[in-house]
2 protein chains.
Amino acid sequence: MAVSARRGRALSTEEIYLTALRLVDEGGVDGLSMRKLAAELDVNPMSLYHHVDSKTALISQLCAMAANRLELPPDDGTPWQDQLRALGHAERRLAKLHPALWSYISSHPESLHKESGVWQVLTRNLLAAGVPATELDATCEALFAFVSGFVTAENNQTIGFRAGTEDVDRTFEIAVDIILAGLSHRHSPAT
Amino acid sequence: MAVSARRGRALSTEEIYLTALRLVDEGGVDGLSMRKLAAELDVNPMSLYHHVDSKTALISQLCAMAANRLELPPDDGTPWQDQLRALGHAERRLAKLHPALWSYISSHPESLHKESGVWQVLTRNLLAAGVPATELDATCEALFAFVSGFVTAENNQTIGFRAGTEDVDRTFEIAVDIILAGLSHRHSPAT
DNA sequence: ACCTGAACACCGTTCAAGT
DNA sequence: ACCTGAACACCGTTCAAGT
């Protein structure tokens with residue numbers, strides 16, 4: 001059989017992804033190497049290429065996995081302000097769960113953004129906020145970028161470097177407040 | 001003399017920085033390698049280490065150079081809204097001038113942020129906007145992170161992927177409008 | 001079908017030796 | 001003082017060969 005050098009089990013794509021995700025969480029995207037990953041799985045480096053096209057493809061897959069863990073607010077009729085705030089918190093939570101991966105996502109367009117539910121939650125609630133159709137896409141993009149910028153900065157300690165996490169929590173609420181106030185003020189909300 | 005393999009001139013730190021910056025602008029931070037840089041300068045790779053501590057140190061220096069090119073709005077009494085908008089445009093301009101470097105700056109805290117004039121411009125104008133002292137630092141950090149997030153997203157084409165640059169210009173104005181409206185609405189401006 | 005070893009073309013950096 | 005060649009410990013990936 002072709003399972004030789006390994007302990008017993010054959011190599012599974014699932015196993016590769018999970019181990020890779022752990023390595024990225026521990027040592028950053030740069031810290032992941034195919035050779036280290038193979039060593040961790042007790043396998044020849046080249047065996048990985050039977051389950052994965054390239055390192056880039058592997059990381060893209062990790063991003064998709066992480067994006068699926070976003071806990072999006074349901075469409076249950078709660079005020080748009082609350083839903084948008086909840087979305088912000090969800091993004092921030094995810095970013096803290098997988099900081100290195102989040103940083104990668106933020107600077108690689110092909111990852112999260114495209115088909116994800118984030119877009120739907122934003123659209124739905126911005127409509128409720130009275131954002132005109134002509135500005136809808138632009139506002140979605142701006143808001144997503146804002147929150148991305150915030151949590152990225154927080155992860156890199158470019159934000160909140162003068163105090164502990166409580167202070168950053170407060171800063172995040174203020175940041176969300178500013179955005180929500182801005183949205184309310186520019187348009188007449190449909191509530 | 002110790003200038004041998006090179007054309008005529010000796011190697012200067014200035015020359016190294018400028019060539020490195022060009023390489024980064026052309027091929028990204030990952031695209032810069034000490035060996036390529038040396039080849040470009042027609043010099044042995046190891047000669048570089050006489051002028052520069054490490055690749056990391058070199059890149060930090062490049063970030064500082066780029067940050068100095070920020071065209072900050074002067075303190076001339078124009079309304080805080082206009083100054084903040086101008087600051088946003090300045091950041092966006094810089095990000096477009098050196099996209100790869102900007103992306104690096106955004107995810108490496110030790111680069112721009114610390115002593116830069118950005119901070120002063122923000123503080124001055126947020127005070128004028130009536131932001132209370134207790135929220136000043138938080139608001140500065142949030143605003144800087146917002147704009148960073150936006151221009152990073154734009155550089156990575158995570159934003160404005162459905163249209164040309166004109167549309168992104170408009171999206172940026174909308175984004176700034178939301179923030180300025182939010183600032184105006186949460187506090188009574190001192191104008 | 002799945003795994004592997006050797007090899008290729010790269011890295012950043014150290015160190016001892018040259019002028 | 002400044003430069004260099006050889007060497008070390010890494011990379012991602014291809015390719016032909018094994019079972």
Side-chain angles (χ1 to χ4, degrees), chain A residues 1-63 100-101 104 107-108 110-111, chain B residues 1-24 26-63 100-101 103-104 107-108 110-111:
Chain A
M1 30 28 208
V3 204
S4 45
R6 297 250 308 144
R7 300 156 301 190
R9 298 167 281 129
L11 199 51
S12 83
T13 351
E14 192 69 12
E15 200 183 358
I16 293 177
Y17 291 155
L18 289 176
T19 310
L21 184 54
R22 183 166 54 76
L23 287 184
V24 167
D25 284 342
E26 287 168 9
V29 173
D30 290 341
L32 175 71
S33 88
M34 299 302 270
R35 295 168 120 103
K36 270 193 216 160
L37 177 55
E40 198 80 10
L41 289 165
D42 204 7
V43 93
N44 185 288
M46 299 319 121
S47 304
L48 298 174
Y49 285 88
H50 247 267
H51 299 86
V52 155
D53 278 347
S54 67
K55 187 185 178 182
T56 310
L58 172 59
I59 293 172
S60 294
Q61 193 55 240
L62 297 187
C63 290
L101 208 51
Y104 183 89
S107 68
H108 290 75
E110 68 280 5
S111 309
Chain B
M1 33 27 210
V3 203
S4 43
R6 294 252 307 147
R7 299 156 300 187
R9 299 165 281 129
L11 199 51
S12 82
T13 351
E14 193 69 13
E15 201 183 355
I16 293 177
Y17 291 155
L18 289 176
T19 310
L21 184 55
R22 183 168 53 77
L23 287 184
V24 167
E26 287 168 9
V29 174
D30 290 341
L32 175 72
S33 88
M34 299 302 270
R35 295 168 120 104
K36 269 192 216 162
L37 176 55
E40 198 81 10
L41 289 165
D42 204 8
V43 93
N44 186 287
M46 301 316 123
S47 304
L48 299 174
Y49 285 89
H50 248 266
H51 300 87
V52 154
D53 280 347
S54 66
K55 186 184 179 183
T56 309
L58 172 58
I59 292 172
S60 295
Q61 194 54 239
L62 297 186
C63 291
L101 208 51
S103 166
Y104 184 88
S107 68
H108 291 75
E110 67 280 8
S111 307

Pick from B/I16, B/T13, B/L58: which one makes a side chain to side chain contact (heavy atoms under 4.5 Å, CB included) with B/L48? B/I16

Using a 4.0 Å heavy-atom cut-off across all strands, classify [X] as base, sugar-phosphate, or nothing.
X	result
A/L32	sugar-phosphate
B/L37	nothing
B/M46	base

Heavy-atom pair of closest approach, residues [X] and [Y]:
X	Y	result
B/P45	B/A38	CA-CB, 3.4 Å
B/L37	B/A20	CD1-N, 3.8 Å
B/Y49	B/S54	CE2-CA, 4.2 Å
A/V24	A/L101	CG1-CD1, 4.1 Å
A/L62	A/Y17	CD2-O, 3.4 Å

Atom [atom1] of [X] to atom [atom2] of [N]: distance rounded to whole Å?
X	N	atom1	atom2	value
B/D30	C/dC10	CG	P	16 Å
A/M34	C/dC3	CE	P	13 Å
B/L11	C/dT19	CG	P	20 Å
B/Y49	D/dA7	OH	P	19 Å
A/N44	D/dT19	CG	P	15 Å
B/K36	D/dC11	NZ	C1'	14 Å
B/I16	D/dC2	CD1	P	11 Å
B/L58	C/dG12	CG	P	10 Å

Can you check whether [X] has a side-chain N or O nearer than 4.0 Å to OP1 or OP2 of [N]?
X	N	result
A/S33	D/dG12	yes
B/S54	C/dG12	no
A/H51	C/dA1	no
B/S47	D/dC2	no

Using heavy-atom distances to pick each residue's nearest nucleotide on DNA chain C, tell me which of B/R35 and A/P45 is more 5'. A/P45

B/H50 side-chain proximity, nearest of C/dC2, D/dC3, D/dT4: D/dC3

Parsed dot-bracket for DNA chain D after applying the Watson-Crick and G-U rules with both distances under 3.5 Å and | for other-strand partners is ||.|||||...|||||.||

Look only at the side chain of B/K36 and the backbone of B/G31, and say whether a donor-acceptor pair between them is shorter than 3.5 Å. yes

